[in-house]
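Report on the structure given below.
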Amino acid sequence: MVKVFINGYGNIGRRIATAFSKDKEIQFIGVGKYTVDDRVKDAVDRNFPLYVPANMVSKFKEKGFSISGNISNAIMESDIVIDAAKDGYGYENKVNLYEPLNKPAIFQGGEDNTGVKKVADVIHNSRVNYKDMFKKKYVIQGSCNVSGMGRILQPMIEKHGSEIERYDVTLIRRSADLEDLKEVKDSIEWDKNPHHQDDVKSFLPMVNLYVEAYKVPSRMMHLHQMTVRFKNAAPDKESFLDIYEKEFGVAILGNAKGTGDIRKKAIDLGFEHGDTNMVHIHSDTIRRQEDTLKLLYSDDQTGMVIPENYLLFQSMLYGRSARDAYSRTNAIFQIDRKRKTLEEEFKA
Ligand SMILES: NC(=O)c1ccc[n+]([C@@H]2O[C@H](COP(=O)([O-])OP(=O)(O)OC[C@H]3O[C@@H](n4cnc5c(N)ncnc54)[C@H](OP(=O)(O)O)[C@@H]3O)[C@@H](O)[C@H]2O)c1
């Protein structure tokens, strides 16, 4: 049995823990926690073995928490680590923990694939480079925006790639997640050099892609506005939507009014963690004008990357076929059922 440790128990770490702890084929070692706060109780309540830095063990024990060991020991015991640390901390973990102990790791989208703090050469997107991840030691799972763009772009490229001149995407990003305690600032903030463009180009190097990114005072979801410029006439709406009819993790919603509608519906429907784990094309926003097609799709920031981590794990560790990996991922996340339900709820 493959032994897995999740280092970090924040918004992403706790979701990864939920998913991986359901897989009966792996031995789930536990989760790493660095601060004594309410999330510790959450992990304890869910029976996740808790590991903390060696110099923090007594602090956690003083608060009455039962600790399974220190983080180095958990890593030593594991075959692979899923790093779910705060942006940038993954680099320190790699240098101080994973490399000295010779352990492979999956990193999250807040880490770098270039420059002095690079943790891996490659960014994974299940729809593009899934099978190339087999036996890689260090891989970054693309961020939510990057994963979402890949999920929309790749099927379009497969159908129309040679007919397309250029893709422009404006990312309208939520400022904080629903669970975050930090205040949402009343401001629209721009990003002078969004990393998302280079991240997508790292796995889709041939695309003529231009990305702008803004943050808006919302906690619900990201919204991407995509403009696709064709060499000749753009396809009509129906044939464009046909591309996504059977796409894993892409829902086609006909009458949502905004990102909050979808998030609230996911919570009301009892989806785990309130996640859809998908992108949602808003079919009523698709417009065609001569050579140009415009669309909006929303991207479940917290949920999107969790099945992607699980898929990446299937490739890295076992070299399973994409078909098998998607089927296992669907069993854990119930993506097809959620898609069907959402499409029914938001029918045109
Ligand atoms: N939030 C999203 O929607 C989202 C979506 C896609 C990708 N990501 C990426 O996922 C990663 C995690 O984001 P997040 O939103 O989950 O952040 P988060 O909620 O702030 O959680 C970060 C976690 O890192 C832990 N931590 C602190 N120092 C650490 C260390 N040295 N090693 C490991 N963990 C450490 C923190 O522990 P304590 O709380 O105990 O201090 C906390 O549990 C980032 O790279 C982010 O860019 C986030």
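Indexing begins at 1, ligand by ligand and atom by atom, following the structure's order. All values below were derived from every heavy atom in this structure, side-chain atoms included, with hydrogens, water molecules and symmetry-related copies excluded.
- When heavy-atom distances to ligand 1 are checked against 4.0 Å, the residues falling inside are N7, G8, Y9, G10, N11, I12, K33, Y34, T35, D37, A84, A85, K86, D87, Y89, N93, Q108, G110, C144, R174, D177, Q301, T302, V305, ordered by chain and number.
- Between the OG atom in S78 and the CG atom in L101 there is a gap of 10.0 Å [rounded to 0.5 Å].
- Looking at residues two or more places apart in sequence or on another chain, you find no side-chain hydrogen bond (donor to acceptor under 3.5 Å, both in side chains) involving H196.
- Paired with F20 under the rule ring-ring contact (aromatic ring centres under 6.0 Å, His included), one option of F28, F48, F313 passes, and it is F313.
- Of the N and O atoms on the side chains of E290 and T292, not one donor lies less than 3.5 Å from an acceptor on the other residue.
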Identify each donor-acceptor pair in which a side-chain atom of residues 256-265 lies under 3.5 Å from a protein atom, sequence neighbours left out, and give them as a table.
{"unit_1": "D261", "atom_1": "OD2", "unit_2": "K257", "atom_2": "N", "d": "2.9"}
{"unit_1": "R263", "atom_1": "NE", "unit_2": "M220", "atom_2": "O", "d": "3.1"}
{"unit_1": "R263", "atom_1": "NH1", "unit_2": "G274", "atom_2": "O", "d": "2.8"}
{"unit_1": "R263", "atom_1": "NH1", "unit_2": "D300", "atom_2": "OD1", "d": "3.0"}
{"unit_1": "R263", "atom_1": "NH2", "unit_2": "M220", "atom_2": "O", "d": "2.9"}
{"unit_1": "R263", "atom_1": "NH2", "unit_2": "D300", "atom_2": "OD1", "d": "2.9"}
{"unit_1": "R263", "atom_1": "NH2", "unit_2": "Q301", "atom_2": "OE1", "d": "3.2"}
{"unit_1": "K265", "atom_1": "NZ", "unit_2": "E345", "atom_2": "OE1", "d": "3.0"}

Please list every donor-acceptor pair under 3.5 Å in which a side-chain atom of residues 233-254 meets a protein atom from a residue at least two apart or in another chain.
{"unit_1": "D236", "atom_1": "OD1", "unit_2": "E238", "atom_2": "N", "d": "3.4"}
{"unit_1": "D236", "atom_1": "OD1", "unit_2": "S239", "atom_2": "N", "d": "2.9"}
{"unit_1": "D236", "atom_1": "OD1", "unit_2": "S239", "atom_2": "OG", "d": "3.0"}
{"unit_1": "K237", "atom_1": "NZ", "unit_2": "S283", "atom_2": "O", "d": "3.0"}
{"unit_1": "S239", "atom_1": "OG", "unit_2": "D236", "atom_2": "O", "d": "3.3"}
{"unit_1": "Y244", "atom_1": "OH", "unit_2": "I152", "atom_2": "O", "d": "2.6"}
{"unit_1": "E247", "atom_1": "OE1", "unit_2": "R127", "atom_2": "NE", "d": "3.0"}
{"unit_1": "E247", "atom_1": "OE2", "unit_2": "R127", "atom_2": "NE", "d": "3.2"}
{"unit_1": "E247", "atom_1": "OE2", "unit_2": "R127", "atom_2": "NH2", "d": "2.8"}

